[in-house]
Amino acid sequence: MDALTSVPDPVNEPVRTYAPGSPERESLQRRLAELAAESAELTQTIDGSRRLGGGEPFDVVQPHDHAKVLGTCAQATNEDVADAVAAAKRAARDWSELPFDERAAVFLRAADLIAGPYRDTLNAATMLGQSKSVQQAEIDAACELIDFLRFNAHYGQRILAEQPRSAPGVWNRLEYRPLDGFVVAITPFNFTAIAGNLPTAPALLGNTVVWKPTPTQQLAAHYTMRALEEAGLPPGVINMVTGDGRAVSEVALADRGFAGLHFTGSTATFKLLWRRIAENLDSYASYPRIVGETGGKDFVVAHSSARADKLVPALVRGAFEYQGQKCSAASRAYIPRSLWDGGVREQLADLTRTVKYGDISDLSLFGGAVIDARAFAKHQRLLSSVDGDGALEVLVGGHCDDQVGYFVEPTVLVSDDPGHEVFSTEYFGPILAVHVYPDGEYERILELVDSASPYALTGAVFADDRTAIGQAHRALRYTAGNFYVNDKPTGSIVGQQPFGGSRASGTNDKAGSMFNLQRWASPRSIKETFDAPTDITYPHMR
């Protein structure tokens, strides 16, 4: 078919409320019960075929009730990953030669499936496997993933439309090829949408992919793969392998055809992978593209003109939604003395005490558990050290319990020492560190916010004074890739706030935008001359 087409105009997927008595609440609760009663076989998908990994088996459990097993999985072996790489290579030519419209149609159909028949399944799998509240699952596993798929198709078509000028007698064109090889997508536990976007964004541009979800997100990843298959994704285009990723590093990143890494996870892991890629650089067919979003130590800084009734809810939501396990979660706050003593201290403590975590099947709860025993142990070590640390005060919280689930209480720590490690170390849990500063030292605090942490992902300023907002814009220009004014530093929406940061927070390639998609294309310039010269003489030579 020869036609200049337009993909459907994308709009953000409406967020369902799941209010008591609503049909969507009843439907979701049924699916929650069904998935909780099952024990799924969480297979790999290689060249369209499902099989368990050949390595050590492991269970995927509910973090808020870790005795309950959701499914069985197994580590991918080197042979498994080699098979996935081979499948990606076999599928590459046919997939890349398929017109963009046909590739986009697969992902647009997947978006409609997730908006419809798969919505309850992906939400329930995310709630059970990642311990998200219904609100956090809905804005992630449903809405954001749908938005990624629809907006990426729109952005992809805009990229294809970008063409060079042509002089008289010449026709210049840009062909947007996929990368010369396959892409590895390594995805995190905390967002089902990110786990779905990282393999599908390169695939939309014609790349084939080896996808390695994290084990604790495997249940939702399993059903994401089913939705893509039902949408018509051909075998071998996205090959999902399971486990801790060691085999991916040893096999896929060492393969001559490795062409790109799409990563979200810890800063330490990203650096490790980058070093492994550098070690193999001489063996690759081309220089690999490396796109990563990593850690954060995200801030909220308040000016004395800020409104307490806006600041306090933003701190609580920003720090304690999804148990502080968002890359963008508020984990350090700087509050002027006048606001702190004028009521913010008591309001923050009182509101934090209303935050209840537990079994997420109780839809009245604010949140669930932290993801696993390793995360719990990290938070427990910090909280157990507070009593002996004279520089820290526990304003509220401070307790944890892993008898049934990996529960960490929403905690606010206060310190007079802004150089304390609680203001620079990423804990990735429901722990907010607060420093109270003299009102007259706002400019100094802005400098401190910039220098206190190696990260630069998200941050927020609260102020009614426009001059103070302008000061923050200038002083914190490179301190956050996503910067919020009078709002919490979380909750970016595809098509509205492209997401990503720099410094130790990643390559700032902005998921959910054209900037990210461009990284997965390898443009070829084509010049066609209609009447080429027949001699070598220039006018100055005559």
Side-chain angles (χ1 to χ4, degrees), residues 15-18 22 24-43 57-74 113-114 117-146 187-196 213-227 240 242-243 321-326 356-376 401-408 429-430:
V15 179
R16 295 180 179 177
T17 64
Y18 300 92
S22 63
E24 66 258 26
R25 185 184 182 102
E26 295 175 6
S27 177
L28 177 64
Q29 286 178 318
R30 283 194 299 272
R31 192 64 179 128
L32 275 170
E34 291 168 357
L35 287 186
E38 296 173 2
S39 182
E41 186 177 67
L42 302 175
T43 59
F58 60 89
D59 290 334
V60 175
V61 303
Q62 299 183 28
H64 45 274
D65 193 347
H66 47 61
K68 293 183 178 177
V69 176
L70 294 165
T72 56
C73 197
L113 288 171
I114 295 166
Y118 275 84
R119 193 184 203 110
D120 283 347
T121 295
L122 277 178
N123 276 342
T126 300
M127 293 171 72
L128 292 169
Q130 293 143 259
S131 204
K132 287 202 170 188
S133 71
V134 63
Q135 168 72 14
Q136 296 303 309
E138 168 71 7
I139 62 176
D140 165 26
C143 297
E144 187 172 27
L145 181 51
I146 293 164
T187 62
F189 78 84
N190 57 341
F191 279 91
T192 295
I194 295 174
T214 198
T216 44
Q217 197 263 335
Q218 192 64 53
L219 184 67
H222 178 83
Y223 287 110
T224 301
M225 196 70 207
R226 303 291 81 79
M240 184 175 69
T242 54
E321 283 182 337
Y322 191 40
Q323 301 82 261
Q325 297 176 123
K326 298 183 180 185
K356 302 299 180 187
Y357 294 154
D359 187 330
I360 49 75
S361 60
D362 178 353
L363 301 194
S364 70
L365 295 175
F366 192 84
V370 298
I371 192 64
D372 58 17
R374 184 171 60 176
F376 178 87
D401 186 342
D402 65 347
Q403 291 185 45
V404 176
Y406 302 114
F407 291 107
V408 178

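Here the structure is a predicted model, which is why all the values come from computation and not from measurement. Numbering of residues begins at 1 and proceeds along the displayed sequence.
Shown here are the side chain to side chain donor-acceptor pair (under 3.5 Å) partners of Ser27, two or more places apart in sequence or in another chain: Asp120. Remark: Asp65 engages Gln62, Ala67, Lys68, Val404 in a side-chain contact (heavy atoms from CB on, under 4.5 Å) (not counting sequence neighbours). Residues passing the side chain to side chain donor-acceptor pair (under 3.5 Å) test with Asp401, sequence neighbours excluded: none. Scored by the side chain to side chain donor-acceptor pair (under 3.5 Å) test, Thr214 finds no partners at all (sequence neighbours excluded). For Arg16, the side chain to side chain donor-acceptor pair (under 3.5 Å) test picks out no residue, with sequence neighbours left out.
Between Ile360 and Leu128, the closest side-chain pair of non-hydrogen atoms falls below 4.5 Å. Residues Gln29 and Tyr18 have side chains not in contact (no heavy-atom distance under 4.5 Å, counting atoms from C-beta outward). No side-chain heavy atom of His222 sits under 4.5 Å from any side-chain heavy atom of Val60. Side-chain contact between Leu70 and Leu35 is absent, with no heavy-atom pair separated by less than 4.5 Å.
In plain terms, the two heavy atoms of Val69 and Ser39 that are nearest each other are CG1-OG, 4.1 Å.
A donor-acceptor pair is defined here as one N or O able to donate and one able to accept, closer than 3.5 Å; no such pair exists between the side chain of His64 and the backbone of Ser361. The closest donor-acceptor contact from the side chain of Gln325 to the backbone of Val370 lies at 3.5 Å or more, if one exists at all. Looking only at distances, no side-chain donor or acceptor of Gln323 sits under 3.5 Å from a matching main-chain atom of Tyr357.
Ring-plane geometry between Tyr322 and Phe189 is classed as tilted, the angle between the planes lying from 30 to 60 degrees on a 0 to 90 degree scale.
Within the structure, every pair that satisfies the salt bridge (charged side-chain N to carboxylate O under 4.0 Å, His left out) test and touches residues 129-145, not counting sequence neighbours, is listed here: Arg119-Glu138, Lys132-Asp140.
Between atom CG of residue Leu32 and atom OG1 of residue Thr121 there is a gap of 10.0 Å, rounded to the nearest 0.5 Å.
Between the side chains of Gln130 and Thr192, at least one donor N or O sits under 3.5 Å from an acceptor N or O.
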